[in-house]
2 protein chains.
Amino acid sequence: MDDVASTSVPERKRGSGVKMVYELLRDEILDLVLPPGSPIDEVQLAERFGMSRTPIREALVRLAGEGLIDTLPNRSTMVSNIDFLNLHTFFDALVLMYRVTTRLAAQYHRAEDLPVIRAHQARFAAAVEAQDALAMIATNAALHSAIAEAGRNPYYISLFNRLLSEGRRILRLYYQSYGDRLPQQFVDEHEDMIAAIEARDIEAADRLAKEHAEQIVRQIQTFFSRNERLDMKL
Amino acid sequence: MDDVASTSVPERKRGSGVKMVYELLRDEILDLVLPPGSPIDEVQLAERFGMSRTPIREALVRLAGEGLIDTLPNRSTMVSNIDFLNLHTFFDALVLMYRVTTRLAAQYHRAEDLPVIRAHQARFAAAVEAQDALAMIATNAALHSAIAEAGRNPYYISLFNRLLSEGRRILRLYYQSYGDRLPQQFVDEHEDMIAAIEARDIEAADRLAKEHAEQIVRQIQTFFSRNERLDMKL
DNA sequence: CGCCGACTTCTTGTCGACAAATAAAATACA
DNA sequence: TGTATTTTATTTGTCGACAAGAAGTCGGCG
């Protein structure tokens, strides 16, 4: 009908365009609005956002740096595929980072971190209540990211955020096929983890994070091995 | 002979400029040729490499993505500082990644990985023999990176490489002040680790990596705490 | 009928130029 | 003389245009 974003050119500020494009594309990729393999056309994006190709390009370089898009030299660029064959490496790193970040949060968190964490947990519980899969996935990632922040190790934070991002795509795929049935159990497990963090019980935090992570991983692995023939390129 | 980079415009190939600038700047930063805080001027680099600002900019965006340079919006961009106050987070992550990657290498390496690893180890031994600190630091990073590659977990590989990069700057600072006295001990420890990997002895690989890493960390921490007043901005 | 080569087209990579934002310098004023 | 304000200068952010590289297309030839 009408061009979605052609006429609105709302006088962006100087440095804001890149960030906006980056975050929007990022969310669209992670929510599978742009499924793996989708072609990314620079001029098309330039038209859509009403700006030149230069800032678009910068956003794409950043996304490529995080492995969210793949760029073939001189040829096309597209949303990166999910490597189903090596999912175990992803799960291995995910479980380890769950443990390490939760452990460090119990050790190093400050008083002002807990309200932030609890706020995320509240949003997560609300999403589960509303059976909103997309919101539940996003708030789950935000919650664990906040816990990692409280651990105050930028290297772990960085890797964990990347894993959580990739996890958003995989979880979306999982709950999509699973009929979006969202268990209350995760909310309770989160509560226990937060309590352990607040009590500064490092070993308990580690153990709870390990169980929490391994349980999720087990569910998803079961699902993906059941649909073995899902080795489509997608 | 000729001016280093003024008249020679050797017809680079289309996509090669960015990579070249990226790698060169990266090495100059990690070898402290460009010390922390050095200003990065785009036009100056453009003249130096005989190209436009666009590819320079792309290389800088990538470097910023890895935390090697900091960019103040609309103002200057400079080599990122080393955060001496939070070195413990760096060491914590470094030790963990040493362990995990070596462990996985023992578990998942293939026959063709070992010659590569041994080649790096030979170069490392040669650098120690020659008492060449810069080469020793670089080959050490390359060796451990190769071990991580044999572990075949891209997430760990990515974080570990970032840690090894940052480590190159810190080690450079360390050996610089230490009179570049290079111990033979590291060569032997590497040999033991490689042997454990080859024997697929996972627990031994883990233990050796842990001891190796903690010993290095201890040395550097002692050094830095002795020079406590090194809390200069540098 | 099928294979090989020139051509077209489409996307990316690079360029030079201009505009905005900020810091530094210069000026005016109390 | 010290401070506020204007001016200048420098660096970044953005733009439109052009050229190179690669896939697809079409025609020619065996």
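Below, chains carry the letters A, B, ... as their sequence lines are ordered, and counting in each starts from 1.
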Output one line per pair: protein atom, nucleotide atom from nucleotides 21-24 of chain C, and distance, for all N/O pairs under 3.5 Å.
from, atom 1, to, atom 2, distance (Å)
dT22(C), O2, R75(B), NH1, 3.4
dA23(C), O4', R75(B), NH2, 3.4

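Nearest-nucleotide mapping onto DNA chain D: of V43(B) and T54(A), the residue sitting toward the 5' end is V43(B). Heavy-atom nearest nucleotides on DNA chain D were determined for I40(B) and for M51(A), and the one closer to the 5' end corresponds to I40(B).
Between the CG atom of D70(B) and the P atom of dT12(D) there is a distance of 14 Å, given to the nearest Å. For the pair R53(A) CZ and dC10(C) P, the computed distance is 15 Å after rounding to whole Å. Atom C1' of nucleotide dG16(C) and atom CD1 of I56(B) are separated by 15 Å, given to the nearest angstrom. Atom CG of L72(A) and atom C1' of dA22(D) are 11 Å apart (whole Å). With rounding to whole Å, E47(B) atom CD is found 12 Å from dG16(C) atom P. Atom CD in E58(B) sits about 12 Å away from atom P in dT12(C), given to the nearest Å. Atom CG in L45(B) sits roughly 12 Å away from atom P in dT11(D) (whole-Å rounding). For the pair E42(B) CD and dA17(C) P, the interatomic distance rounds to 17 Å; values are reported in whole Å.
Considering only residues two or more places apart in sequence or on other chains, D113(B) meets the side chain to side chain contact (heavy atoms under 4.5 Å, CB included) condition with H109(B), R110(B), A150(B), R152(B). Judged as a side chain to side chain donor-acceptor pair (under 3.5 Å), and not counting sequence neighbours, the contacts of S145(A) are N161(A). With sequence neighbours excluded, no residue satisfies ring-ring contact (aromatic ring centres under 6.0 Å, His included) with F91(B). For F124(A), the ring-ring contact (aromatic ring centres under 6.0 Å, His included) partners at least two apart in sequence or on another chain are H190(A).
We find the CD1-CD distance between I117(B) and Q121(B) to be 10.0 Å, quoted to the nearest 0.5 Å.
Of the listed nucleotides (dT12(C), dC15(D), dT12(D)), dT12(D) has the atom at the smallest distance from the side chain of D41(B).
Note on T77(A): only backbone sugar-phosphate atoms sit closer than 4.0 angstrom, heavy atoms only; bases stay farther off. No contact: T71(B) has no heavy atom under 4.0 Å from any strand.
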* side chain to side chain contact (heavy atoms under 4.5 Å, CB included) between F90(B) and D83(B): does it pass, once the steps are laid out? -> CA-CA 9 Å; F90(B) 168 76; D83(B) 189 354; over 6 Å; no
Pairs of donor and acceptor atoms involving the side chains of residues 61-73 of chain A, under 3.5 Å and at least two apart or interchain, shall be tabulated with distances.
from, atom 1, to, atom 2, distance (Å)
E66(A), OE1, Y22(A), OH, 3.4
E66(A), OE2, Y22(A), OH, 2.3

